[in-house]
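To keep things clear, I will list the structure first and then write my remarks on it.
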Amino acid sequence: MDILDLKQATEVGRVSSGLVLINEEPSVRQGKRNPYMMGEFVTPQGHCQFKIWEERTYAPVLEHGSGIYNVEVEGSEYNGIYLTVRRIKPNDDISVQKSDFLPAIPQARLTEVWQRAKQRMTEVGVTSQAWTILNEILMDSSLEGRYVIEAAAIFYHDNKVGGLVHHTGKMLNILAALLENIEPIQESADLLFLGVALHDVGKVFEYRDLSRGEYWYANHRVRGIELLAKYKERIIQAYDEPFYRQLQSIIAGHHGDYGDRPTTVAAAIVHYIDTMESQITGLIENQSQTTDGRFRFGDWGWLQGIPLKEEDK
C-alpha cells in the first residue's frame, strides 16, 4: 500500500487509505461520553492531527505504540482540520521504513539559505573570529553532526529533517536586515550572530528524528547552555566574560514569556526574531496543507491564504 496522500486525505468528507507514521505516542483523553485517542500522523507531505473515537479502533495503537500503520481515514473539521480514523492496524511490510515518512527540506534550499546568511552576516560586520567559534561548537562530537539534520520542532514550524538549520538560517537573514537598518546594534554584531546561531542548538538533544529525545524534559535551553559551557574559556579568551554571559542569557531567554523571560536586550532581540520567523513559517505551512488556502489559526479563527510560490522539490 502507498503512503497516505495527506493533502487529499484532509479534504473534509473524503475517505482515504494509506500508510502513515505515528512518531509520537498519542494520548487518550476523556470526551463528553467516552475516552478518545488524539495524536499526529507523519508523512513526507507533513503532519496532521488524528482522532480515534472508539476504544476498539484505537486498541492496536495502545498495544503497539509508535510506528507505521495502515489506515482508513476521513477528512474532518472542528476548530481546524483533522483526520477521523475509521480503521487502523500495524503495517506488516518490512520494506517500508520510518525514514520513508519523515518530511525533509530539500538540501538545495538549506544550502541557499545558509550561504546567503553567511554572506550577509559578513557584510554587516560579523567577524571571522565569530564564525570560527561557531564552527568549533557545531563540530562538537556530542552533536553527532545532527545540527544540520534535526528539526526545529515536532509539531509547529520547520518540523522536518533539516528544519533546525533552516529555521536558524532564516533568522540570521532577518538579523542581517536589522543590523543593516538599526545602526546602534552593529556594535554587537558578533554577539547577536552567535546568539541566533546557537539559540536552538540544544534541540539536537531534545529531539531525535522528529520525535522527543531520551532526556527531552531537560529542554533545549538547558542543554544549549550546557554545551556552551564547554567553550566558556574559548569564548572569554576571544571576547570577555560579559560576552559569554550575554550568550547564556540569549539561550535562556529567547522564548520570551513562554520560558525564562529575557534579562538582556540581546535576548529580547533574538526572541522577537525567533517569534516572527517561526510564526510566519507556521502560517505558511498551515496554508500549504489546505486545498483552498483557507484555514483556522490559533485564536484568530479563519484566515484566507495568499498566493504562494511553489516549493522546490
Side-chain angles (χ1 to χ4, degrees), residues 105-140 143 145-152 157-158 162-204 220-221 224-225 227-228 230-232 234-240 242-255 262 264-281 312:
I105 297 168
Q107 184 60 47
R109 169 63 179 168
L110 297 179
T111 301
E112 173 197 356
V113 168
W114 196 258
Q115 287 184 343
R116 185 167 70 247
K118 187 170 185 177
Q119 178 181 345
R120 295 187 69 194
M121 286 291 97
T122 301
E123 290 172 351
V124 295
V126 172
T127 67
S128 60
Q129 177 174 254
W131 278 105
T132 298
I133 289 175
L134 175 63
N135 290 333
E136 289 177 13
I137 294 174
L138 296 187
M139 290 294 291
D140 190 278
L143 297 180
R146 291 176 48 245
Y147 183 81
V148 295
I149 296 173
E150 200 50 69
H157 66 94
D158 274 316
L164 174 56
V165 73
H166 192 227
H167 166 61
T168 304
K170 288 181 290 181
M171 283 182 61
L172 287 173
N173 280 296
I174 294 171
L175 172 62
L178 293 178
L179 288 167
E180 289 168 352
N181 289 279
I182 305 176
E183 292 187 7
I185 66 173
Q186 291 174 4
E187 182 69 21
S188 296
D190 277 11
L191 172 65
L192 294 170
F193 160 71
L194 284 171
V196 167
L198 296 171
H199 81 288
D200 271 349
V201 68
K203 287 184 176 178
V204 170
H220 66 275
R221 301 183 300 284
I225 290 175
L227 175 66
L228 190 72
K230 295 172 65 174
Y231 296 87
K232 175 182 177 180
R234 172 75 174 89
I235 295 169
I236 291 176
Q237 182 182 30
Y239 297 98
D240 54 29
F243 186 99
Y244 172 75
R245 299 302 178 187
Q246 289 262 359
L247 277 180
Q248 286 185 313
S249 81
I250 291 172
I251 296 175
H254 73 268
H255 274 202
T264 64
V265 170
I269 290 172
V270 174
H271 164 63
Y272 284 128
I273 296 173
D274 190 19
T275 299
M276 179 170 68
E277 194 292 307
S278 61
Q279 290 298 310
I280 293 175
T281 294
D312 297 330

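Start at 1 with the first residue, then count along the sequence.
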| Between V270 and M171, is a side-chain contact (heavy atoms from CB on, under 4.5 Å) present by the stated rule, with each step listed? | CA-CA 9 Å; V270 174; M171 283 182 61; 4.1 Å; yes

| Test log, rule side-chain contact (heavy atoms from CB on, under 4.5 Å), inputs F193 and T127 | CA-CA 10 Å; F193 160 71; T127 67; over 6 Å; no

| remark: Nearest heavy-atom contact between G163 and I105 is CA-CD1, 3.7 Å

| Check: Q119/Q115 side-chain N/O donor and acceptor closer than 3.5 Å | no

| Within-4.5 Å side-chain heavy-atom neighbours: T168 and V113 | no

| field | Nearest-0.5 Å distance, CD1 of residue I250 to CG of residue L192 | value | 6.0 Å

| Quick one: side-chain hydrogen bond (donor to acceptor under 3.5 Å, both in side chains) pairs with a partner in residues 173-189, sequence neighbours left out? | R120-E180

| message | Is the distance from the ring center of H199 to that of H255 below 6.0 Å? | response | no

| request: Could you tell me the separation between the NE2 atom of H166 and the NE2 atom of H157, rounded to the nearest 0.5 Å? | output: 12.0 Å

| field | Stepwise side-chain contact (heavy atoms from CB on, under 4.5 Å) test for I185 and L179 | value | CA-CA 6 Å; I185 66 173; L179 288 167; 3.7 Å; yes

| said: Checking the side chain of D200 only, and the main-chain atoms of K203 only, is there a donor and an acceptor separated by less than 3.5 Å? | reply: no

| Which atoms form the tightest heavy-atom contact between G253 and H271, and what is the distance? | O-CB, 4.4 Å

| query | Which residues pass the side-chain contact (heavy atoms from CB on, under 4.5 Å) test with K232, sequence neighbours left out? | reply | I236, Y244, R245

| request: Decide if atom OH of Y231 counts as having more than 12 heavy atoms of other residues, nucleotides or ligands within a radius under 6.0 Å. | output: yes

| L164, T281, V165 screened by side chain to side chain contact (heavy atoms under 4.5 Å, CB included) with D158, the one that passes | T281

| Approximate separation, where rounding is to 0.5 Å, of I280 CD1 and K170 NZ | 9.5 Å

| message | What I'd like to find out is whether the side chain of V148 reaches to under 4.5 Å of the side chain of W114, using heavy atoms alone. | response | no

| request: Provide the closest heavy-atom pair for R146 versus V204 in the form atom of the first, atom of the second, distance. | output: NH1-O, 2.7 Å

| Interatomic distance, Q129 atom CD to I235 atom CD1 [nearest 0.5 angstrom] | 10.5 Å

| field | Reported CG-to-CG distance for the pair L228 and L198, which is rounded to 0.5 angstrom | value | 6.5 Å

| request: Working to the nearest 0.5 Å, report the span between CD1 of I133 and CG of L138. | output: 12.0 Å

| field | Worked verdict on Y239 versus L191 for side-chain contact (heavy atoms from CB on, under 4.5 Å) | value | CA-CA 10 Å; Y239 297 98; L191 172 65; over 6 Å; no

| At their closest point, which heavy atom of S249 faces which heavy atom of A267, and how far apart are they? | O-CB, 3.5 Å

| task | Can you sort out the partners of I174 under side-chain contact (heavy atoms from CB on, under 4.5 Å), two or more places apart, ordered by chain and number? | result | I273, M276, E277

| query | If you take all heavy atoms of L194 and A130, which pair is closest and at what distance? | reply | CD2-O, 3.6 Å

| message | Using only atom types and a distance under 3.5 Å, with no angle test, would you say the side chain of T275 pairs donor to acceptor with the backbone of Y272? | response | no

| query | Side-chain contact, heavy-atom cut-off 4.5 Å: I225 with L247? | reply | no

| said: Using only atom types and a distance under 3.5 Å, with no angle test, would you say the side chain of H220 pairs donor to acceptor with the backbone of G202? | reply: no

| request: Would you check if K118 and V126 make a side-chain contact, meaning some heavy-atom pair closer than 4.5 Å? | output: no

